[in-house]
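Data block below; observations after.
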Amino acid sequence: MSIVLGAIADDFTGATDLANNLVRAGMRTLQVIGVPQTALALDDVDAVVVALKSRSCPVREAIDDSLAALAWLQAQGARQIFFKYCSTFDSTDAGNIGPVADALLERLGGIQTVMVPAFPVNARTVYQGHLFVGDRLLNDSGMQHHPLNPMTDADLVRVLSRQTPHDVGLLAKSTLAEGTEATRSRLDALHDQGVRHVICDTLDEDDLKVIAAAVAEFPLVTGGSGLGQALPAEYRRLGWLHPVADPGRLAAASGAALVLSGSCSRATLGQVEDFLSRHEGFALDPLALAESDEQIEQALTFARERLFDEESSAPVLIYASAAPEKVKAAQQRLGAARAGELVERALAGLARTLVTEGVGRLVVAGGETSGAVVSALEVTELRIGEQVDPGVPWTQTSIEGREAPLSLALKSGNFGGVDFFSRAFDALSEERGS
């Protein structure tokens, strides 16, 4: 049985974000970590999302990894390919969004694709080609301080034009308001003008529906997870997808509850502060991690004393999330890459040890951190469950040596309400009666 949609995501939480929306729209979805090296049972799967770590790596590496994922998805019979990147268009002037999109389109023999990063339900919108986060332009939203991909320009036509030799155009809100046929006509006209990449204005769910109807048969679409929620209805219209009951059903959850946070986004900093007002946490410092592993041992002791206490079932937090000035100070001392690697290594090692010892419900905040954690746990695939907050579902996977499945919520740094860390475990208990 062929899958309907094959997606290539440039980071782990972005993959989960898209998979979440596909499930919410009625597609049974599997997320795989990297390109599978063994055969998978896909008989009860409508969509597969391949999670890569290609957002901030060298351009050539991002292209090669994405093309390998494409080849695997084509072998599974995917009818359409989706290149998923962040709703804040995280990239640099060198890429990787433009170069990867070009490579995928060329391999598929396509002539045009759309760029739809908007996720209106999460306050990411595009108007006149400019990306907004809430009521702020992208470059005034906090993303201008991103440690890896600072976004200092909100004009996506201009941003993407610096990443590709091909022409970039705009599909404006005024056209979308006229409906699907007008949108198709505009895309055709842009193609006739030599425009390969089309930035799409998107202010609400209706805009996403119009775009999805216009591009459902394109070989390649690109964007954030908002478009992913709109496409399945079009697949059903085309007869590619049939209704299924409870596409996000997971097994009952069990085990101790732990939060690991490496993100330094504004949203995550607020979530850390809220959690610490209710529960206990342990802060990691990159400078201390650079000196020795003593702080890791301290974190393990802290967690063990609280997580495996039979009289308490409260979650605990271990975090390296910090305010921009503290992050900058660590980066100046250690270098940005070294500081990030130290945090990722520490959190990944803590996850591996504590899951082995009995953690069964795990929330991870931050794309790079999530990637490091799932790698350390040797996770190769995730079944996607119900949503906690827009873009963040619970997932489950099997871990060697653990009888019950491990429940994982992998949260993009920018996503989730202020009480996300606490509420996530409540939602899991309510959903499955654990």
Side-chain angles (χ1 to χ4, degrees), residues 1-12 14-19 21-23 25-55 57 59-85 95-116 164 166 191 196-198 212 214-225 227-228 230-232 234-242 380-384:
M1 178 178 173
S2 298
I3 60 174
V4 177
L5 179 66
I8 302 165
D10 67 358
D11 85 336
F12 291 91
T16 309
D17 173 16
L18 174 61
N21 272 0
L22 295 174
V23 168
M27 299 186 81
R28 298 165 298 178
T29 305
L30 185 71
Q31 177 178 331
V32 296
I33 313 304
V35 180
Q37 301 302 306
T38 58
L40 300 181
L42 301 176
D43 289 345
D44 64 343
V45 174
D46 303 309
V48 177
V49 182
V50 180
L52 302 178
K53 198 172 182 181
S54 58
R55 179 170 298 172
C57 69
V59 171
R60 186 67 254 172
E61 182 181 337
I63 290 173
D64 289 346
D65 289 350
S66 299
L67 290 177
L70 172 62
W72 185 85
L73 290 167
Q74 287 178 306
Q76 313 313 309
R79 289 176 177 263
Q80 185 172 52
I81 300 298
F82 191 132
F83 171 36
K84 163 69 173 68
Y85 40 79
N96 291 337
I97 293 174
V100 170
D102 279 332
L104 294 173
L105 196 60
E106 288 163 10
R107 183 65 58 88
L108 287 163
I111 55 177
Q112 185 185 68
T113 191
V114 290
M115 300 275 173
V116 192
T164 174
H166 301 283
H191 168 255
R196 171 180 279 201
H197 302 292
V198 184
V215 304
E217 295 184 83
F218 274 31
L220 174 72
V221 294
T222 88
S225 64
L227 181 60
L231 283 168
E234 295 305 311
Y235 299 152
R236 284 189 284 271
R237 179 183 60 80
L238 292 167
W240 299 353
L241 181 67
H242 302 289
T380 59
E381 58 186 78
L382 295 165
R383 192 68 186 229
I384 308 301

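On a predicted model such as this, the values are computed, not experimentally measured, just so you know.
For the pair Gln112 (side chain) and Gly110 (backbone), a donor-acceptor distance under 3.5 Å is absent. One N or O on the side chain of Gln80 and one on the backbone of Phe218 form a donor-acceptor pair closer than 3.5 Å. Using modelled atom types, no side-chain atom of Asn96 and backbone atom of Ala62 make a donor-acceptor pair closer than 3.5 Å.
Partners of Ala230 according to the side chain to side chain contact (heavy atoms under 4.5 Å, CB included) rule, which considers only residues two or more places apart in sequence or in another chain, are Leu208, Ala212. Scanning for salt bridge (Lys or Arg N to Asp or Glu O under 4.0 Å) contacts around Arg383 gives Asp44, with sequence neighbours left out. Every residue two or more places apart in sequence or in another chain that forms a side chain to side chain contact (heavy atoms under 4.5 Å, CB included) with Ala214 is listed here: Thr180, Thr183, Arg184, Leu187. In this view, Glu381 satisfies the salt bridge (Lys or Arg N to Asp or Glu O under 4.0 Å) rule with no residue, not counting sequence neighbours. Remark: Ala25 engages Gln229, Pro232 in a side chain to side chain contact (heavy atoms under 4.5 Å, CB included) (not counting sequence neighbours).
Between Ala47 and Val45, the closest heavy-atom pair is O-CG1, 3.1 Å. Nearest heavy atom pair, residue Val59 against residue Pro99, reads CG1-CB, 3.6 Å. Across every non-hydrogen atom of Leu238 and Ala216, the tightest pair is CD1-CB, 4.1 Å. Residue Ile384 comes nearest to Ala19 through the heavy atom pair CG1-CB, 3.5 Å, listed as atom of the first residue, atom of the second, then distance.
Side-chain contact between Arg79 and Tyr235 is absent, with no heavy atoms from C-beta onward closer than 4.5 Å. In this structure, the side chains of Gln76 and Leu40 stay at 4.5 Å or more apart for every pair of heavy atoms. Side-chain contact between Ile97 and Met115: present, with at least one pair of heavy atoms (C-beta onward) separated by less than 4.5 Å. In this structure the side chain of Val221 never reaches within 4.5 angstrom of the side chain of Val116, judged on heavy atoms. Leu42 is listed as a side-chain neighbour of Ile3, based on a closest heavy-atom distance under 4.5 Å. Here the side chains of Asp10 and Leu52 are not in contact, with every heavy-atom distance at 4.5 Å or above. Side-chain atoms of Gln37 and Thr380, non-hydrogen and from C-beta on, never get closer than 4.5 Å to each other. Under the 4.5 Å side-chain criterion, counting only non-hydrogen atoms from C-beta, Val215 is not in contact with Thr113.
Checking His197 against Asp102 by side-chain atom types alone, a donor-acceptor pair falls below 3.5 Å.
Here the CZ atom belonging to Arg28 is positioned 4.0 Å from the CG atom belonging to Asp46, to the nearest 0.5 angstrom. One distance of note links CH2 of Trp240 with CD of Glu217; it measures 5.0 Å at 0.5 Å rounding. Interatomic distance, Leu67 CG to Gln74 CD, rounded to the nearest 0.5 Å: 9.5 Å. Taking CG from Leu5 and CD1 from Ile81, the interatomic distance works out to 7.5 Å, rounded to the nearest 0.5 Å. Cys57 contributes atom SG, which lies 9.5 Å from atom CD1 of Ile63 (distance to the nearest 0.5 angstrom). Note that the CG atom of Leu70 and the CG atom of Leu108 stand 5.0 Å from one another [nearest 0.5 Å].
Shown are Val49, Thr222, Ile8, Asp17; of these, the side chain to side chain contact (heavy atoms under 4.5 Å, CB included) with Lys84 is made only by Asp17.
Sorted by first and then second residue, the side chain to side chain donor-acceptor pair (under 3.5 Å) pairs with a member in residues 64-73 read Arg60-Asp64; sequence neighbours excluded.
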